[in-house]
Amino acid sequence: MAYAAFRSIGAYVPEKILTNEDLAKMVDTSDEWITKRTGIKERHIAAENEFTSDLGTNAAKIAIDRSGINPDEIDMVICATISPDYFCMPSTATIVSKKLGLKNITAFDISAACTGFVYILSIAKAFIESGMKKNVLIIGAEKLSSITDYTDRGTCIIFGDGAGAALISATENKEEAIIDVHTGADGTYADLLMTPNGGSGSEHDSLSEEVNSCFMQMKGNETFKVAVRTLTKDVKEILSENNIESDSVKHFIPHQANYRIIKAVGDALKMKDEQVVVTVGKYGNTSSASIPMAMNDIYENGKLQKGDLMLLDAFGGGLTWGSALVPFSPLV
Ligand code: ACO
């Protein structure tokens, strides 16, 4: 049987930084409030002519270089995003594939908001284990600034732009295989996080009315409570189903939404500080890119080593959630 191994990680952040002080000049907020309520100090913002596919392509190039896998052998590209280059089509995954020069591939996007990376990890794993694909490039890429209302202090302080990518490939060695991926969803909470305009469910009659209103809307406080509950429950389940103690986890990498959520979940799971990866302070919430960007940080700091067990935990609009137990299994 084929197993799926997590081979490499890469990430990219755009150059421009938007600080809390910058935001305090735009809306009624302060560095003190944002830091205390979210832990975020700054986030990166893509240039006007820099698209989600550019961020994803830059992250993917790094992941491919680090994988030791020939790009010609990549047979599938999946992109998780809620801020695609184009509304509907073509998919951002096909644009990234073109920019990377990949030809013999299947390529598509998925929409699972901040859980996107865990969702595409589960899809890559399933395709590889079924024998249908061998080398899958997965990308979480977001230009959230393109769907953020910079007059709404409830959301604009949180979100940032960036991308992370990983190479998942087939192996016969069970020791290096992804152990398990959980995914879930509950549409009864759909209204907590939405971009309510711009689609067929919109209340607007014409596209011209939509243009300035395709922004994210969030019931932050309610989302916060469901997030802590769901993230904690899902991790407890995946650990117990796989008979793994939390002590065996080298790196707990939760979705980087808000430091208070990360702290509450880490405490509920009795994780030690050195197990918990926190990057929200410098990148903000980059939705589907947040987990691979955080993983890339520990890789570049030399903390992520071959054989380390990572525990991923995500939560986002939909509502959606997911978790994964992933040993780091580089080829080179
Ligand atoms: N600056 C100053 N004051 C503010 C700001 C701001 N930026 N935003 C809200 N406030 C005010 C509110 O108006 C309110 O004032 P009031 O008490 O006078 O009415 C007060 O601060 C408290 O507001 P809350 O919304 O209760 O603040 P909370 O502590 O919940 O923090 C936040 C808000 C940061 C948005 C938090 O709720 C949060 O992080 N929620 C979760 C977000 C999340 O995880 N999203 C999921 C993933 S995102 C995705 O899937 C795309």
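Whatever order the structure lists them in is the order used to number ligands and atoms, beginning at 1. For reference, positions follow the sequence shown, starting with 1.
Each of the following atoms of ligand 1 lies closer than 4.0 Å to a heavy atom of T38: 34 (C). Each of the atoms 1 (N), 2 (C) of ligand 1 lies under 4.0 Å from some heavy atom of D28. Annotation for ligand 1: atoms under 4.0 Å from non-hydrogen atoms of I157 are 7 (N). Close contacts between ligand 1 and M218 involve ligand atoms 35 (C), 42 (C), 45 (N) [criterion: under 4.0 Å to a heavy atom]. Atoms of ligand 1 found under 4.0 Å from any heavy atom of I261, numbered from 1 in the order shown, are 41 (C), 44 (O).
The nearest protein atom to atom 27 (O) of ligand 1, hydrogens excluded, is given as R37 NH1, 3.4 Å; this is a heavy-atom distance. Annotation: atom 1 (N) of ligand 1 to nearest protein heavy atom, T29 OG1, 2.7 Å. For atom 43 (C) of ligand 1, the closest non-hydrogen atom of the protein is T223 CG2, 3.9 Å. In this structure, the protein non-hydrogen atom closest to atom 49 (C) of ligand 1 is C114 SG, 2.6 Å. What sits closest to atom 39 (O) of ligand 1 on the protein, heavy atoms only, is N258 ND2, 2.7 Å. If you check which protein heavy atom lies closest to atom 35 (C) of ligand 1, you get I158 CD1, 3.5 Å. Summary of contacts: the protein heavy atom closest to atom 10 (N) of ligand 1 is W33 CZ2, 3.4 Å. Residue, atom and distance of the protein heavy atom nearest to atom 11 (C) of ligand 1 are R153 NH2, 3.7 Å.
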Next item on the list: Could you check E32 against R37 for salt bridge (charged side-chain N to carboxylate O under 4.0 Å, His left out), going step by step and ending with a plain yes or no?
Entry: CA-CA 9 Å; E32 193 196 351; R37 298 288 180 122; over 6 Å; no
Checklist line | Full working for salt bridge (charged side-chain N to carboxylate O under 4.0 Å, His left out) between K103 and D72 | finding: CA-CA 8 Å; K103 293 212 165 57; D72 292 343; over 6 Å; no
Margin query: D267 vs K263, test: salt bridge (charged side-chain N to carboxylate O under 4.0 Å, His left out). Steps then yes/no.
Written below: CA-CA 6 Å; D267 288 351; K263 177 85 179 108; 3.1 Å; yes
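With a 4.0 Å heavy-atom cut-off, ligand 1 is reached by the side chain of A113 but not by its N, CA, C or O. Contacts of I34 with ligand 1, taken as heavy-atom pairs under 4.0 Å, are absent altogether. Residue contacts with ligand 1, taken as heavy atom pairs separated by less than 4.0 Å, do not involve T155 at all. Residue contacts with ligand 1, taken as heavy atom pairs separated by less than 4.0 Å, involve N285 solely via side-chain atoms from C-beta onward. Contact annotation: for N221 versus ligand 1, heavy atoms closer than 4.0 Å belong to both the backbone and the side chain.
Distance check, rounded to the nearest 0.5 Å: CD of Q305 to CD1 of I298 gives 10.0 Å.
Not counting sequence neighbours, the partners of S53 by the side-chain hydrogen bond (donor to acceptor under 3.5 Å, both in side chains) test are D85, K99. Scored by the side-chain hydrogen bond (donor to acceptor under 3.5 Å, both in side chains) test, D234 finds S323 as partners (sequence neighbours excluded).
With hydrogens and angles ignored, the 3.5 Å screen pairs a side-chain donor or acceptor of T320 with a backbone N or O of A112.
No salt bridge links K25 with E21; every basic N to acidic carboxylate O contact stays at or beyond 4.0 Å. Look at E129 and K125 and you find a salt bridge, because one of the NZ, NE, NH1 or NH2 atoms lies within 4.0 Å of a carboxylate O, short of that distance. Of the charged side-chain nitrogens involved, none lies within less than 4.0 Å of a carboxylate oxygen, so that D161 and R43 do not count as a salt-bridged pair.
Two residues are said to be in side-chain contact when any heavy atoms from C-beta on lie closer than 4.5 Å; F159 and T286 fail this criterion. At least one side-chain heavy atom of S97 sits less than 4.5 Å from a side-chain heavy atom of V77. Using a 4.5 Å cut-off on side-chain heavy atoms (C-beta onward), F6 and L121 make contact. L269 has its side chain within reach of K236: a pair of non-hydrogen atoms, C-beta onward, lies under 4.5 Å apart.
Taking only nitrogen or oxygen atoms, main chain and side chain alike, L193 does not reach within less than 3.5 Å of ligand 1. In terms of N/O distances under 3.5 Å, ligand 1 is not approached by A257.
In this structure, atom 19 (O) of ligand 1 is not in close contact with the protein, since no protein heavy atom lies within 4.0 Å of it. Protein heavy atoms all stay at least 4.0 Å away from atom 14 (C) of ligand 1. There is a protein heavy atom closer than 4.0 angstrom to atom 3 (N) of ligand 1.
Between S30, G220, G316, it is G220 that holds the heavy atom closest to atom 41 (C) of ligand 1.
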